[in-house]
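First up is the structure itself, then whatever we jot down about it.
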There are 2 protein chains.
Amino acid sequence: MTSVLVVDDEPQIVRALRINLSARGYDVMTAYDGKSALGVAVEGKPDVVVLDLGLPDIDGVDVIAGLRGWSTIPIIVLSARTDSSAKVEALDAGADDYVTKPFGMDELLARLRAAVRRDLARETGDPVVTTSSFVVDLAVKKVRRDGREVHLTPTEWGLVEILARNPGRLVSQKQLLQEVWGPMHVNESQYLRVYFAQLRRKLEDDPARPKHLITEPGMGYRFEL
Amino acid sequence: MTSVLVVDDEPQIVRALRINLSARGYDVMTAYDGKSALGVAVEGKPDVVVLDLGLPDIDGVDVIAGLRGWSTIPIIVLSARTDSSAKVEALDAGADDYVTKPFGMDELLARLRAAVRRDLARETGDPVVTTSSFVVDLAVKKVRRDGREVHLTPTEWGLVEILARNPGRLVSQKQLLQEVWGPMHVNESQYLRVYFAQLRRKLEDDPARPKHLITEPGMGYRFEL
DNA sequence: GGCGGCTTTTACGCGTTCTTGAGGCCGGGG
DNA sequence: CCCCGGCCTCAAGAACGCGTAAAAGCCGCC
């Protein structure tokens with residue numbers, strides 16, 4: 001499970017983030033000032049920090065420095081200041097990203113996913129394919145959804161792997177059957193229906209309305225990011 | 001010297017970036033469309049890519065996908081589109097950052113420094129691999145548990161070594177058999193069951209519920225830290 | 001030769017995964 | 001309107017792969 005530390009002195013922002021992040025399966029910690037933020041970060045070892053710069057006690061840049069002293073946790077800065085000098089300062093202090101308030105929740109979540117993915121890739125050194133619902137690590141052969149690992153059987157993985165290596169492209173039924181089941185089974189299109197149903201149950205937010213594992217009737221399947 | 005690939009179809013933007021980046025000691029490569037960008041990236045192996053999304057030939061998201069297919073180079077997206085759906089799309093496709101035009105050169109440079117710093121933090125492999133239960137010293141070829149040395153037979157060590165060199169990664173049965181027993185025995189998967197049982201008895205706290213030497217049925221084994 | 005450590009082989013119970021068939025739904029064409 | 005092809009869902013038996021244990025084979029060494 002991926003954990004996020006949210007630091008902001010405005011309770012409504014913390015609340016909004018907590019709700020949105022929890023709903024997506026993240027483990028959320030919070031802090032309302034710089035001092036407690038550093039304490040919580042040491043205690044809880046979050047996977048990523050969302051940090052407001054305008055804190056009551058410590059200057060935001062010093063909070064970044066305080067974190068960077070001992071850790072490389074990704075830091076996403078939130079701030080009302082739009083001038084480039086503020087951005088430059090924060091980024092050079094060690095922040096990974098800078099988002100100006102007011103911000104779109106979608107965008108923040110996407111930047112958060114990017115930060116976590118990058119961090120994961122740093123450990124493994126491997127390319128990772130990300131959608132809004134789940135993450136496929138091709139080299140490690142793991143799929144995570146909202147920070148939780150999803151177990152795939154060999155056949156399921158075979159399908160996901162082919163699709164993830166061809167993001168956005170249509171892959172024919174024949175190609176999938178050939179590569180996963182072998183040349184003897186290129187007409188068993190029923191296999192595909194059964195397995196795509198399983199995969200959607202495991203990976204899609206709403207299995208009945210798939211957003212990523214798309215059927216192209218009569219043609220094949222497509223992996224939408 | 002850090003090298004940057006700048007991809008944009010507007011010559012004045014490319015020129016401005018080239019001047020600013022060169023002045024700061026970066027090695028600059030350029031491309032004016034998606035196709036040549038992918039070519040230059042393969043050839044030149046840049047340390048970071050600055051990518052305009054509005055290219056004449058290929059959709060920007062597909063360029064990102066094309067790069068992510070084989071590499072984890074940091075990608076900073078430049079775009080005139082400010083709507084959050086565009087940002088979400090690009091970031092989920094694998095971009096590391098998203099900057100809207102018109103942009104401040106200071107800010108872009110700061111984001112670029114942040115991206116490179118992050119990427120550099122990826123360090124080379126440690127000769128010692130540590131788990132919560134035991135320690136594998138690859139240089140000395142020894143395994144210790146609770147300070148006490150655990151004796152491994154040559155075959156056992158062969159397996160542990162391969163797994164410890166690929167922490168977290170799934171290693172196929174075939175690869176293990178091939179590297180330890182040779183190409184003639186790639187189908188003797190029973191060997192693996194016997195030896196993993198032995199290793200778990202020696203290394204795991206609860207051999208019946210392994211936490212580090214994990215079986216992925218039908219695929220292979222995984223060394224979890 | 002006998003011994004000890006290591007590897008290979010055999011056998012069995014068990015849980016998971018794969019395959020297969022049946023039924024229902026939907027949209028296009030006759 | 002009905003039929004039909006293609007798709008989705010569900011369930012159940014078959015097949016497979018895993019863990020475990022124990023015996024048998026193979027060294028090198030005293």
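Atoms considered below: every heavy atom in the structure, side chains included; atoms not considered: hydrogens, waters and symmetry mates. Here is how names work: the chains are called A, B, and so on, in the same order as the sequence lines, proteins then strands, and each is numbered from 1.
- In this model, no donor atom of one side chain and acceptor atom of the other lie less than 3.5 Å apart for A/Q12 and A/R15.
- Checking D/dC18, C/dC6, C/dT19 against the side-chain heavy atoms of A/W181 singles out C/dT19 as nearest.
- For A/M105, the CE atom counts as densely surrounded, since its 6.0 Å shell holds more than 12 non-hydrogen atoms of other residues, nucleotides or ligands.
- Put simply, the side chain of B/D47 gets close to the backbone of B/S3: a donor and an acceptor are under 3.5 Å apart.
- OP1 or OP2 of D/dC8 has at least one side-chain nitrogen or oxygen of A/R200 nearer than 4.0 Å.
- The distance between atom CH2 of B/W157 and atom C1' of C/dC6, rounded to the nearest whole Å, is 18 Å.
- B/E156 places its CD atom 9 Å from the C1' atom of C/dC6, with the value rounded to the nearest Å.
- Comparing A/H151 and B/L152 against DNA chain C, the residue whose closest nucleotide sits nearer the 5' end is B/L152.
- Looking only at distances, no side-chain donor or acceptor of A/D137 sits under 3.5 Å from a matching main-chain atom of A/K142.
- Across all strands, B/Q173 comes closer than 4.0 Å only to sugar-phosphate atoms, never to a base (heavy-atom distances).
- Using a distance-only test at 3.5 Å, with no hydrogens or angles considered, no donor-acceptor pair links the side chain of B/R169 to the main chain of A/K141.
- C/dC6 atom C1' lies 14 Å from atom CG of B/L159, rounded to whole Å.
- In this structure, the side chains of A/V4 and A/P46 stay at 4.5 Å or more apart for every pair of heavy atoms.
- In this structure, NZ of B/K174 is placed 13 Å from P of D/dG17, rounded to the nearest angstrom.
- Comparing D/dC18, C/dT8, D/dC8 by their nearest atom to the side chain of B/S189 picks out D/dC18.
- Between B/Y221 and B/F196, the ring-plane angle classifies as parallel under the 30° and 60° cut-offs.
- Residues A/R193 and A/Q190 bring a donor and an acceptor atom of their side chains to less than 3.5 Å of each other.
- No option in A/K211, A/R200, A/R145 other than A/R145 meets the side-chain hydrogen bond (donor to acceptor under 3.5 Å, both in side chains) test with A/D205.
- Where A/H185 and B/E188 meet DNA chain C, the nucleotide closest to each residue was compared, and B/E188 sits on the side nearer the 5' end.
- Between A/K202 atom NZ and D/dT9 atom P the separation is 15 Å, expressed in whole Å.
- Distance check: B/E89 CD to B/I64 CD1 gives 9.0 Å after rounding to the nearest 0.5 Å.
- For the OP1/OP2 pair of D/dC18 and a distance below 4.0 Å, the side-chain nitrogens and oxygens of B/R193 include at least one atom meeting the criterion.
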Detail all sub-3.5 Å separations between protein N/O atoms and N/O atoms belonging to nucleotides 21-23 of chain C.
| residue | atom | partner | partner atom | Å |
| --- | --- | --- | --- | --- |
| C/dG21 | O6 | A/Q190 | NE2 | 3.4 |

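- Taking five base pairs at each end of the helix from C/dG1-D/dC30 to C/dG30-D/dC1, the local helix axes there meet at an angle of 30°, rounded to 10°.
- For B/D92 (side chain) and A/L225 (main-chain N/O), no donor-acceptor pair under 3.5 Å exists by modelled atom type.
- The side chain of B/P154 sits closest to C/dC6 out of C/dT20, C/dC6, C/dC18.
- Results of the side-chain hydrogen bond (donor to acceptor under 3.5 Å, both in side chains) test with A/T130 over A/R117, A/R144, A/R113 single out A/R117 as the only residue that passes.
- Per the geometry, CD belonging to B/Q198 stands 9 Å off C1' belonging to C/dC6, to the nearest Å.
- The side chain of A/T155 lies closest to C/dC18 when the candidates are D/dT9, D/dG17, C/dC18.
- As a whole-Å value, the separation of B/M184 CE from C/dT8 C1' is 16 Å.
- Annotation: proximity of residues 214-225 of chain A to DNA chain C (heavy atom, distance under 4.0 Å) is found for no residue.
- The side-chain contact (heavy atoms from CB on, under 4.5 Å) with A/I76 is formed by just one residue from the set A/D96, A/V6, A/V99; it is A/V99.
- Counting only heavy atoms from C-beta on, A/Y195 has its side chain closest to C/dT19 among D/dC18, C/dT8, C/dT19.
- Following rounding to the nearest Å, B/Y191 (OH) and C/dC6 (P) show an atom-to-atom distance of 18 Å.
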